[in-house]
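Each remark here refers to the structure printed beneath this line.
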2 protein chains.
Amino acid sequence: MVRIADVAKLANVSTATVSRVISNSGTVKKETAEKVMEAVKKLNYQPNVLARQLRRSETKTILVVVPDITNTFFSEVLRGIESVAIQIGYQVLLGDARNNAESEASYLTILGQKKADGLILLTARSNQKMLEEISQDYPVVLACEYYEGSRLPTVSIDNVSSARKATEYLISLNHKRIGHISGPLNVVVGRDRCKGFHQAMAQHGLSVDPSLVQEGEFSFESGFNLMMKFLALEDFPTAIFAGNDEMAMGAVKAIKSKGFKVPEDFSVIGFDDIKFASIFEPALTTVAQPTFDMGQKAMQLLLKIINGEELEKSQFILPDKLIVRDSCKELTING
Amino acid sequence: MVRIADVAKLANVSTATVSRVISNSGTVKKETAEKVMEAVKKLNYQPNVLARQLRRSETKTILVVVPDITNTFFSEVLRGIESVAIQIGYQVLLGDARNNAESEASYLTILGQKKADGLILLTARSNQKMLEEISQDYPVVLACEYYEGSRLPTVSIDNVSSARKATEYLISLNHKRIGHISGPLNVVVGRDRCKGFHQAMAQHGLSVDPSLVQEGEFSFESGFNLMMKFLALEDFPTAIFAGNDEMAMGAVKAIKSKGFKVPEDFSVIGFDDIKFASIFEPALTTVAQPTFDMGQKAMQLLLKIINGEELEKSQFILPDKLIVRDSCKELTING
DNA sequence: TTTTTCGGTGTAATCGATTACAATATTGTA
DNA sequence: TACAATATTGTAATCGATTACACCGAAAAA
């Protein structure tokens with residue numbers, strides 16, 4: 001292992017000078033610097049980051065905890081985070097919570113151990129109070145998910161209004177009997193999308209049949225099963241707003257399994273616009289979240305906090321976008 | 001910040017003793033240990049991992065470089081890696097190469113900086129020689145992808161025989177005029193799958209029409225475009241072996257766009273068995289790779305190398321599995 | 001000429017743990 | 001009781017960088 005002392009000896013200067021050169025911080029005479037650089041090159045010296053980190057007590061590493069790394073929605077956000085991180089010399093430590101609040105919390109010890117300078121959470125299912133305490137001591141940013149009424153720095157879309165928008169789209173297509181296949185209501189985004197659904201219905205004077213609102217998990221299977229429930233009712237809904245794209249696909253699959261067609265017999269709208277939404281048949285009409293941007297924004301925000309900069313505000317709402325494809329259709333009188 | 005010295009003072013012992021207690025390494029009297037543990041608890045002491053790392057010169061961190069984090073195939077492997085890592089007290093530093101050999105290589109400096117104890121590469125597109133040199137100095141394991149004729153420790157399936165198996169399945173369905181939509185041939189797995197295809201054809205005395213082998217990228221769009229090329233030929237193939245599932249889906253889409261049906265008019269087989277393969281319509285017949293297992297195995301292997309254990313062998317071939325679904329059909333005389 | 005000023009460099013303390021080695025306490029043995 | 005063996009604990013060096021502070025010499029100011 002080549003140490004800074006080796007370089008110093010070869011260049012015939014002190015370690016302090018070498019350090020100044022490689023961090024180009026201080027005032028070093030040009031010729032001296034060249035001598036040092038030469039020695040660095042000759043010895044193929046790379047500073048030991050651990051030592052630097054210890055001394056400066058910073059790791060240039062951040063921790064990102066995702067609920068499910070195999071969900072492309074989150075991996076796209078992650079990519080946004082990482083792209084910014086790399087640019088500014090940070091590395092990303094990955095925590096995959098596997099949809100488990102406990103394991104989510106277990107990653108947080110990494111901060112206390114000083115293995116990371118900050119934390120971005122793409123999931124907010126563990127104890128809110130604990131997290132708020134942690135954010136007193138360490139830089140924390142939430143992305144995608146969030147806590148209600150919390151002051152924690154957050155980057156996300158406005159799930160309530162997006163859900164309203166999705167529902168209103170169905171309403172604009174003349175649908176009146178609309179069902180909602182909701183994500184888990186103990187997760188904010190599930191709750192907020194459900195809320196948006198109800199708001200839109202109320203605003204347009206439409207009543208919501210309680211049997212047409214079903215809570216499930218953000219998975220294909222769950223979407224399938226809940227749609228099957230709807231299809232067991234006397235009086236079908238004509239359109240379905242699903243909590244996310246996977247659920248929407250499950251719902252479509254269920255509809256098809258009964259011999260019906262989408263969008264002819266049922267309109268289905270999803271949420272997230274995952275990679276596969278456009279490949280699916282029918283191509284899914286859905287609300288797109290700016291995944292990559294959210295990741296980038298979250299990282300930029302975290303960096304500001306790490307650097308102790310003042311935040312102009314702490315909640316960032318990014319724009320969503322309704323993507324109209326082929327899974328919804330206007331309800332005609334015969335419909 | 002609570003330091004070990006604070007704990008030592010409160011417990012009225014030396015820092016050495018505290019250190020011994022928290023790493024339960026040495027011989028410490030029971031009562032002393034209890035005293036120390038009490039002080040630890042009272043002060044809520046957490047060792048500064050950086051200091052430990054510097055002294056022990058180990059980071060308990062590994063670096064995983066993936067070609068594309070938004071590809072569920074790789075994120076499943078990653079999950080396998082991470083699950084083992086967490087269990088044994090390691091953390092995973094993520095490098096997303098974004099399908100770019102240069103950026104892949106840029107992550108390797110992290111090793112030299114001592115920010116990670118080892119490296120798992122899920123992509124092998126950068127300079128082989130360089131990597132082999134690196135593996136002299138640092139623990140390295142390749143997973144999924146590999147270099148031909150290299151002694152680098154590797155975990156993967158046998159892509160040649162898997163591709164042969166896939167092709168033979170088509171042959172067993174009476175197909176004779178079979179096309180191959182290949183992944184990039186500058187990537188080993190692309191090459192090996194192509195090789196397996198040719199082997200199977202030759203072994204069954206079938207000739208390969210050169211115009212029925214097209215090289216593309218491992219993407220949906222690429223699969224679509226290349227299938228369109230086939231569909232522009234005078235003499236169609238009756239079956240297609242695609243380099244991976246995304247390409248297979250693209251091919252199916254192209255076929256449908258021309259008004260043909262899968263599997264009635266064309267049989268299509270994919271590769272990887274990604275999450276979406278079963279949701280796609282028709283559900284994709286494909287070759288499943290043991291993603292999670294490969295990740296686990298790779299991590300276990302890396303750990304052995306880190307610990308300086310002797311490896312019984314360096315190339316691990318895991319079993320693949322042909323998953324028969326609905327995208328292939330026996331060729332009848334009417335074709 | 002003398003005194004400041006400051007660019008450029010070196011010395012040594014420091015970050016916070018681990019651990020080699022030394023020292024002391026305790027127990028066992030003769 | 002005396003001495004050896006062992007258990008337990010402490011002292012201080014160490015990991016490899018960064019950086020506060022001191023210092024020197026040359027240029028600028030008085």
Over 12 foreign heavy atoms within 6.0 Å of CD, A/E148: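 Check passes, neighbour count above 12.
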Where B/I22 and B/Y45 come nearest, the two heavy atoms and their spacing: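 Scanning both residues, the minimum pair turns out to be CD1-CE2, 3.9 Å.
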Taking every non-hydrogen atom, the tightest pair across B/A39 and B/A11: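 Minimum heavy-atom separation between B/A39 and B/A11: CB-CB, 3.9 Å.
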Value in whole Å for how far the [atom2] atom of [N] lies from [atom1] of [X]:
X      : N      : atom1 : atom2 : result
A/M1   : D/dT14 : CE    : P     : 18 Å
B/L54  : D/dA17 : CG    : P     : 9 Å
A/E58  : D/dA17 : CD    : C1'   : 13 Å
B/K115 : D/dG16 : NZ    : C1'   : 16 Å

Interatomic distance, B/L119 atom CG to B/L131 atom CG [nearest 0.5 angstrom]: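 Separation between the atoms: 7.0 Å.
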Under 3.5 Å donor-acceptor, A/T109 side chain and A/S106 backbone: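 Yes, because the side chain of A/T109 sits within donor-acceptor range (under 3.5 Å) of the backbone of A/S106.
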Close approaches to DNA chain D from residues 3-13 of chain A, in residue order (heavy atom, under 4.0 Å):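 Only A/R3, A/I4 qualify.
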With sequence neighbours left out, which residue pairs that include part of [range] fulfil the salt bridge (charged side-chain N to carboxylate O under 4.0 Å, His left out) condition?
range                       : value
residues 27-38 of chain B   : none
residues 67-79 of chain A   : A/D68-B/R79, A/R79-B/D68, A/R79-B/D96
residues 5-16 of chain A    : A/R3-A/D6
residues 123-134 of chain B : B/R125-B/E145

Pairwise side-chain hydrogen bond (donor to acceptor under 3.5 Å, both in side chains) hits with a residue in residues 46-55 of chain B, at least two apart: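 Sorted pair list comes back empty.
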What side-chain donor-acceptor pairs closer than 3.5 Å can you find for residues 84-91 of chain A, not counting sequence neighbours?
residue	atom	partner	partner atom	Å
A/Q91	OE1	B/K115	NZ	2.8

Side chains of residues 311-318 of chain B: which donor-acceptor partners sit under 3.5 Å, not counting sequence neighbours?
none

Close residues, residues 44-51 of chain B, relative to DNA chain C [heavy-atom separation under 4.0 Å]: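 Residues of residues 44-51 of chain B under 4.0 Å from DNA chain C: B/Y45, B/P47, B/N48, B/A51.
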N or O in side chain of A/S57 less than 4.0 angstrom from C/dG16 OP1/OP2: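 Result: no.
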Base versus backbone protein contacts along nucleotides 24-29 of chain D [heavy-atom cut-off under 4.0 Å; B, S, -]: ------
Look for any protein N or O under 3.5 Å of an N or O in nucleotides 19-27 of chain C and output each such pair with its distance, or none.
residue	atom	partner	partner atom	Å
C/dT19	OP2	B/R56	NH1	3.1

Return a table of donor-acceptor pairs under 3.5 angstrom between the side chains of residues 294-304 of chain B and protein atoms on other chains or two or more places apart.
none

